[in-house]
S.K.: 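This structure is in structure tokens; I'll ask about it shortly.
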Amino acid sequence: MANRVKCLIIGSGPAGYTAAIYASRANLQPVLIEGPQLGGQLTTTTEVENFPGYPDGVEPFQMMDDMKRQAERFGTQFVSGVVTKVDFSVSPKKVWVEDTKEYEADAVIIATGASAKYLGIESERTYKGRGVSACATCDGFFYRKKTVAVVGGGDTACEEANYLAGLCEKVYMIVRKPYLRASEIMQQRVLNNPKIEVLFEHNTLQLTGEGKVQGADLVYRKGEPDEAMKHIDIDGFFLAIGHHPNTELFKDYIACDAEGYIITDGASTQCFKCENAQMGKCENEKIPGVFAAGDCADPHYRQAIVAAGSGAKAAIEADKYIKSLQ
Ligand code: NDP
């Protein structure tokens with residue numbers, strides 16, 4: 001027997017929790033499915049210093065717990081578990097949690113976020129939160145006057161390297177190809193910055209250090225006759241090799257861009273219908289009652305405050321939609 005709800009929110013990052021605060025205050029009695037990473041991507045960082053309202057900074061788990069309690073206060077119900085299946089072709093929309101619990105909801109807010117890509121080397125996990133980061137804007141401040149490395153050669157890597165060069169003593173860029181993939185202007189900024197040293201055709205083998213990152217072992221032109229090993233002394237290791245939005249589950253129903261980010265209706269958070277995403281046959285027709293907020297629909301900003309703002313928008317739109325059904 002399905003649980004019938006007015007508003008179902010998928011995801012427990014800043015977008016999901018903010019949507020829950022707004023939806024519960026609008027008396028929608030929302031149910032929030034927390035997903036695999038309680039608190040979202042933010043909890044992989046060390047301290048949050050750029051979220052307004054915390055003048056002394058805040059530990060990320062604390063901030064997410066604050067948001068959760070705020071949503072709870074107004075009646076949000078939390079369900080721990082992972083959404084395994086959805087059916088948005090029907091009204092009310094259907095959502096399954098771990099294939100066992102079934103929900104029927106008038107409105108669904110997707111706030112499943114995005115995940116940074118990692119290289120997949122063992123030491124990345126060992127030093128996560130102790131020198132390994134995937135967000136220069138979040139964590140760069142902790143490396144003031146220190147030496148860091150940024151992995152990647154795209155626009156994100158160049159942007160992060162430039163940002164870090166404003167704070168750090170020295171920035172290495174570890175680029176696997178003999179060239180940067182970033183836009184010309186970003187390349188020029190990197191190449192003209194005296195604090196940035198680009199190590200072309202290098203790959204990271206492992207990170208080293210006593211309890212925190214202190215260095216990286218690299219290989220130059222692996223497999224080529226001139227292959228060579230290189231060690232760099234660093235305090236921080238920043239991944240900038242792309243993100244992937246957590247939207248796989250929804251692709252048969254809603255339109256996503258080539259990278260998988262959910263396409264919304266301009267300033268609105270409303271999603272578009274996609275009858276058969278695999279065949280690229282997406283319709284320019286909105287899907288009533290399905291909204292997306294936060295990083296799963298935002299390839300550009302990827303900031304907690306932006307995600308929170310879009311969560312508020314999604315809840316306001318869900319409220320309007322639900323009222324229109326009455
Ligand atoms: P991209 O996919 O453009 O670049 C990823 C980079 O990481 C590439 O240099 C790639 O190398 C490298 N890489 C990927 N996997 C590995 C790996 N396993 N080991 C080492 N290196 C790896 O991602 P971005 O996040 O930079 O950009 C995503 C999109 O967002 C792009 O369209 C970009 O233009 C846009 N963007 C625009 C900005 C702006 O305009 N201000 C700012 C940031 C992003 P390789 O080249 O060899 O594949």
Side-chain angles (χ1 to χ4, degrees), residues 41 44-45 50 113-128 131-140 148-166 171-193 196-207 213 215-224 227-232 234 236-248 256-264 292 294-307 310:
Q41 250 191 104
T44 62
T45 181
N50 55 6
S115 306
K117 292 182 190 160
Y118 284 80
L119 295 173
I121 55 175
E122 179 64 31
S123 45
E124 249 171 357
R125 279 188 291 278
T126 313
Y127 296 107
K128 206 163 174 183
V132 173
S133 168
C135 178
T137 325
C138 319
D139 296 332
V148 296
V150 176
V151 188
D155 278 313
T156 302
C158 289
E159 215 168 65
E160 306 237 313
N162 268 311
Y163 177 79
L164 289 165
V171 179
Y172 289 105
M173 271 185 86
I174 304 168
V175 181
R176 66 181 176 184
K177 293 245 170 77
Y179 55 85
L180 294 168
R181 182 206 279 214
S183 54
E184 189 57 34
I185 185 160
M186 293 305 289
Q187 292 193 31
Q188 287 315 316
R189 279 188 200 150
V190 158
L191 298 171
N192 293 329
N193 192 323
I196 303 175
E197 182 181 341
V198 185
L199 302 172
F200 287 109
E201 296 185 83
H202 281 79
N203 276 292
T204 310
L205 294 176
Q206 63 164 353
L207 300 169
V213 170
D217 291 330
L218 313 179
V219 57
Y220 171 69
R221 287 171 60 80
K222 188 171 168 48
E224 299 299 322
E227 176 180 321
M229 305 301 285
K230 184 178 174 75
H231 179 85
I232 53 173
I234 51 168
F237 185 76
F238 287 83
L239 279 309
I241 59 172
H243 283 75
H244 54 84
N246 304 317
T247 56
E248 206 55 46
C256 295
D257 70 10
E259 310 276 314
Y261 288 95
I262 297 171
I263 300 168
T264 53
D295 286 12
C296 64
D298 174 14
H300 302 293
Y301 301 106
R302 301 187 196 117
Q303 297 299 303
I305 187 66
V306 179
S310 70

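First listed ligand is number 1; within each ligand, the first listed atom is number 1. Values below: every heavy atom of this structure, side chains too, minus hydrogens, waters and symmetry copies. Nothing here was measured: the structure is a model prediction, and the numbers come from that model.
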S.K.: Considering all protein heavy atoms, does one lie under 4.0 Å from atom 40 (O) of ligand 1?
M.R.: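 No, because not a single protein heavy atom sits under 4.0 Å from atom 40 (O) of ligand 1.
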S.K.: Is there a donor-acceptor contact under 3.5 Å from the side chain of S310 to the main chain of G294?
M.R.: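 It does hold such a pair.
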S.K.: For atom 2 (O) of ligand 1, find the nearest protein heavy atom and state the residue, atom name and distance (0.1 Å precision).
M.R.: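 Among all protein heavy atoms, the one nearest atom 2 (O) of ligand 1 is R181 NH1, 3.2 Å.
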S.K.: Is it the case that the side chain of E160 and the backbone of A136 share a donor-acceptor pair, with hydrogens and angles ignored and the cut-off at 3.5 Å?
M.R.: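 Such a contact is found between E160 side chain and A136 backbone.
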S.K.: Any N/O of K177 closer than 3.5 Å to an N/O of ligand 1?
M.R.: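 For ligand 1, there is an N or O atom that lies under 3.5 Å from one belonging to K177.
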S.K.: Considering non-hydrogen atoms of the protein only, which is the closest contact for atom 23 (O) of ligand 1, and what is the distance?
M.R.: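 Here the nearest protein heavy atom works out to G242 CA, 4.1 Å.
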S.K.: Are N246 and S115 close enough that a side-chain donor and a side-chain acceptor fall under 3.5 Å?
M.R.: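 There is such a pair between these side chains.
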S.K.: Heavy-atom distance to atom 28 (C) of ligand 1: which of I121, T156, D155 wins?
M.R.: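 Ranked by closest heavy atom to atom 28 (C) of ligand 1, first place is T156.
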S.K.: Would you confirm whether any non-hydrogen atom of the protein falls under 4.0 Å from atom 48 (O) of ligand 1?
M.R.: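 True for atom 48 (O) of ligand 1.
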S.K.: Using protein heavy atoms only, decide if any is under 4.0 Å from atom 31 (C) of ligand 1.
M.R.: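 Under the 4.0 Å cut-off, atom 31 (C) of ligand 1 has no protein heavy-atom neighbours at all.
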S.K.: Considering only the protein, which heavy-atom contact is closest to atom 4 (O) of ligand 1, and what is its distance?
M.R.: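 So the nearest neighbour among protein heavy atoms is G154 CA, 3.7 Å.
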S.K.: State whether the shortest distance between N or O atoms of N203 and N or O atoms of ligand 1 falls below 3.5 angstrom.
M.R.: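 No, since none of the N or O atoms of N203 sits under 3.5 Å from an N or O of ligand 1.
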S.K.: Of all the non-hydrogen atoms in the protein, which one sits nearest to atom 7 (O) of ligand 1, and at what distance?
M.R.: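 The answer is I241 CA, 3.4 Å.
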S.K.: Which pairs count as salt bridge (charged side-chain N to carboxylate O under 4.0 Å, His left out) when at least one residue sits in residues 113-127, sequence neighbours excluded?
M.R.: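 For residues 113-127, and leaving out neighbouring residues, the salt bridge (charged side-chain N to carboxylate O under 4.0 Å, His left out) pairs sorted by first residue read E122-R125.
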S.K.: Are any non-hydrogen side-chain atoms of Q187 and Y179 less than 4.5 angstrom apart?
M.R.: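 The answer is no; the side chains never approach within 4.5 Å.
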S.K.: Do V151 and F237 have side chains that get closer than 4.5 Å, going by heavy atoms?
M.R.: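 V151 reaches F237 side chain to side chain.
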S.K.: Run the salt bridge (charged side-chain N to carboxylate O under 4.0 Å, His left out) test against E248 and tell me which residues pass, sequence neighbours left out.
M.R.: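 K251.
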S.K.: Does any non-hydrogen side-chain atom of L164 lie less than 4.5 Å from one of V150?
M.R.: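 Yes, at least one pair of side-chain atoms sits under 4.5 Å.
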S.K.: Any protein heavy-atom neighbour for atom 20 (C) of ligand 1 (distance below 4.0 angstrom)?
M.R.: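 Protein heavy atoms within 4.0 Å of atom 20 (C) of ligand 1 - there is at least one.
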S.K.: Atom 42 (C) of ligand 1: which protein heavy atom is closest, and how many Å away?
M.R.: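 Here the closest protein heavy atom is E159 OE2, 3.4 Å.
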S.K.: Before signing off on this row, confirm whether R302 and ligand 1 have an N or O atom pair separated by under 3.5 Å.
M.R.: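 It does not: no N or O of R302 is found under 3.5 Å from an N or O of ligand 1.
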S.K.: Distance from I241 atom CD1 to T156 atom OG1, nearest 0.5 Å?
M.R.: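 Rounded to the nearest 0.5 Å, the CD1-OG1 separation comes out at 11.0 Å.
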S.K.: Are side-chain heavy atoms of Y220 and L199 found at a separation under 4.5 Å?
M.R.: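 The answer is no; the side chains never approach within 4.5 Å.
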S.K.: Please confirm whether G153 comes within less than 3.5 Å of ligand 1 when only nitrogen or oxygen atoms on both sides are compared.
M.R.: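 Indeed, backbone or side chain, G153 has an N or O that close.
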S.K.: At under 4.0 Å between heavy atoms, is it the side chain or the backbone of L119 that contacts ligand 1, or both, or neither?
M.R.: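 The answer is the side chain of L119.
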S.K.: How far is atom 17 (C) of ligand 1 from its nearest protein heavy atom, and which residue and atom name does that atom have?
M.R.: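 Result: R176 NH1, 3.3 Å.
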